[in-house]
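Both counts, for ligands and for their atoms, begin at 1 and track the order of listing.
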Amino acid sequence: MLPRYPYTLSFKSTAKLEEDDSALLLCVPERSRLRIAAPTPSIRTLLEHLFAGGMTDDQLCEAAMHADKNADPAKIYFFLEKLAAYGMLCYTLNLEGKPFATLQVVASPFKLADLDWEESYQLSRFAYLRRTEDGMIMECPLGKAVMLLNDPTALSAINHLTKSCTLESLSDQSGLEPGAAASFLLLLASGQMIDAQNPSGNLLTEQENTTMRQWEFHDLLFHSRSRLGRHDYGFGPTSRFLGILPPLPAVKEPMSGRRIKLQEPNLEKRQHDSINFFTVVEERKSVRVSGGTPITVAQLGEFLYWVARFKQIYPVDMEQKAFYENCVRPCPSAGAVHEIELYLTVSNCSELEPGLYHYASLSHELEWLSELKEPQKAMLEDARLCSYMTSPPDVLITLAARFQRLSWQYASMAYATMLRNAGVMYQQMYLVATALKLAPCALGRGNSDLFAEATGLDYCVENSIGEFMISGQNH
Ligand SMILES: Cc1cc2nc3c(=O)[nH]c(=O)nc-3n(C[C@H](O)[C@H](O)[C@H](O)COP(=O)(O)O)c2cc1C
């Protein structure tokens with residue numbers, strides 16, 4: 001058996017120990033909690049050393065036994081294993097007395113990997129490096145741990161793993177002794193950052209497994225990071241910038257002095273219409289027609305009114321913990337944030353000049369932004385192409401998110417929430433368009449750079465996240 005280098009065990013820097021009369025409560029914020037009833041002196045010593053860091057499992061056990069001569073070593077090792085399974089430990093590989101790499105476990109249940117040293121290993125295509133305040137880290141959405149690369153030479157060892165390596169070849173190429181290379185590979189494998197190759201050269205999980213073959217890198221990362229489970233980053237409506245940055249107001253500054261007041265529909269008249277809600281639901285469908293009777297500005301106004309007008313805006317009220325302006329529209333939005341703005345590229349609408357407009361949701365007006373120039377025409381053409389139509393839609397509606405309105409409030413899931421909100425709005429658009437006998441169709445792709453060029457808006461401040469077409473005729 002290969003002599004591995006023992007890891008130094010420690011708690012994550014965020015771990016805390018609380019004590020009441022009879023028990024200790026060990027907690028790693030955002031994640032696990034372990035209640036230790038009637039802790040013995042040996043367990044207390046073990047915990048102290050884990051907080052201080054810098055001891056291997058054998059050294060920890062020895063220190064714990066020293067504190068209580070009658071302690072049972074099996075029970076101490078068992079307790080350490082329990083902490084490991086709860087995902088509470090960090091494992092540091094020290095080389096020549098210095099930390100080389102540290103695996104910080106972020107989710108449970110966790111177990112150190114076991115590797116077959118006859119096999120070859122390569123970096124997972126889902127693994128990635130990035131800079132953090134603690135230094136360079138490696139993460140992988142398949143795993144339940146993050147690796148901190150304490151020593152720059154760890155980066156060079158990782159570089160060798162972009163190609164398939166045996167333990168021997170990694171040791172030769174990186175200059176790491178076999179035991180060190182093995183310990184490093186074990187840490188990487190424990191975070192699922194490397195994958196084994198089969199004899200024909202395919203990576204076992206990523207090329208042989210039909211499920212994994214169909215995952216793209218960014219999709220799996222987005223999925224794992226925007227859901228709870230295998231990370232321990234802040235999550236949910238945490239008001240994470242409260243007291244640090246002001247939240248964005250609900251209503252944007254006017255974008256133009258040229259404004260077109262839209263007619264407000266008569267709700268009473270609509271209530272007497274014979275149209276039935278369930279008929280609308282039943283009849284809803286995607287209609288890809290244009291070039292016939294164009295949509296009218298009155299229809300467009302009514303459509304926007306039932307989809308996206310602001311019905312109410314509630315002011316900030318610190319006492320009620322309403323830290324940002326909440327708003328109400330006909331369709332719902334997570335946290336009543338309503339970060340989505342609508343931009344209309346109008347190609348054919350009676351009584352409305354072709355051009356690019358912004359819908360001012362509070363005043364129920366259109367703000368004129370520009371005539372149809374190259375980028376606006378290209379957006380219409382993109383819409384035509386991805387709906388296989390012979391002419392562009394009467395109106396292309398672009399859903400743009402004011403990102404910081406939502407990311408001020410939500411940690412880890414802001415972008416995923418915006419996409420959910422866009423989906424909600426799509427359905428509202430479909431139903432309202434069906435009720436108004438218009439031709440609706442959602443679009444699955446759009447060019448966000450083109451949108452930035454067409455509107456002059458900063459890509460990172462407010463940008464398109466969805467597109468929807470609407471035309472006059474609904475056969
Ligand atoms: C998110 C989303 C994206 C879509 N993208 C497109 C698209 O790019 N082009 C298109 O012609 N239809 C698109 N559609 C419409 C679907 O093709 C349509 O909903 C589906 O074929 C079912 O037909 P139905 O809407 O008539 O029930 C999209 C629909 C949704 C919900």
Side-chain angles (χ1 to χ4, degrees), residues 214-216 218-220 222-223 226-227 275-292 294-295 299-300 303-304 306-308 329-334 338-348 356 359 375-401 403 406 413-452 454 462-475:
Q214 295 175 68
W215 271 106
E216 284 194 65
H218 68 283
D219 278 337
L220 190 58
F222 182 49
H223 173 63
S226 59
R227 306 284 304 165
I275 188 144
N276 173 281
F277 174 75
F278 295 100
T279 311
V280 170
V281 171
E282 198 59 20
E283 286 183 356
R284 182 221 60 83
K285 62 176 190 258
S286 299
V287 186
R288 300 168 186 83
V289 290
S290 60
I295 190 169
Q299 286 172 321
L300 190 58
F303 171 83
L304 292 168
W306 297 125
V307 171
R329 271 174 163 165
C331 61
S333 161
H338 279 297
E339 72 288 352
I340 293 180
E341 299 284 326
L342 300 184
Y343 290 83
L344 283 71
T345 311
V346 175
S347 81
N348 194 12
L356 178 67
Y359 176 56
Q376 292 82 358
K377 285 184 190 157
M379 283 166 60
L380 284 168
E381 179 60 4
D382 260 2
R384 185 190 73 75
L385 283 173
C386 74
S387 55
Y388 310 99
M389 298 205 304
T390 49
S391 55
D394 291 352
V395 180
L396 169 67
I397 301 175
T398 305
L399 288 72
F403 298 115
L406 203 73
M413 54 179 284
Y415 197 83
T417 304
M418 291 175 211
L419 296 182
R420 287 187 188 108
N421 286 338
V424 165
M425 206 177 252
Y426 275 8
Q427 179 65 356
Q428 184 82 357
M429 288 180 174
Y430 265 120
L431 294 181
V432 173
T434 308
L436 296 178
K437 303 211 176 302
L438 297 169
C441 185
L443 292 177
R445 69 160 210 229
N447 184 328
S448 290
D449 270 308
L450 212 46
F451 175 79
E462 183 178 344
N463 196 239
S464 55
I465 59 167
E467 285 79 14
F468 198 94
M469 305 186 300
I470 186 106
S471 293
Q473 270 180 329
N474 185 354
H475 297 291

Check for a donor-acceptor pair, side chain of [X] on one end and backbone N or O of [Y] on the other, with a separation under 3.5 Å.
| X | Y | result |
| --- | --- | --- |
| Thr398 | Ser464 | no |
| Ser471 | Asp394 | yes |
| Glu339 | Ala401 | no |
| Asn463 | Phe451 | no |

- In Å and rounded to the nearest 0.5 Å, what is the CZ to OG distance from Arg288 to Ser387? 7.0 Å
- Residues forming a ring pair (Phe, Tyr, Trp, His ring centres under 6.0 Å) with Phe403, sequence neighbours excluded: none
- Item | Proximal protein residues to ligand 1, non-hydrogen atoms under 4.0 angstrom | Arg284, Lys285, Ser286, Arg288, Cys386, Ser387, Tyr426, Tyr430, Cys441, Ala442, Leu443, Gly444
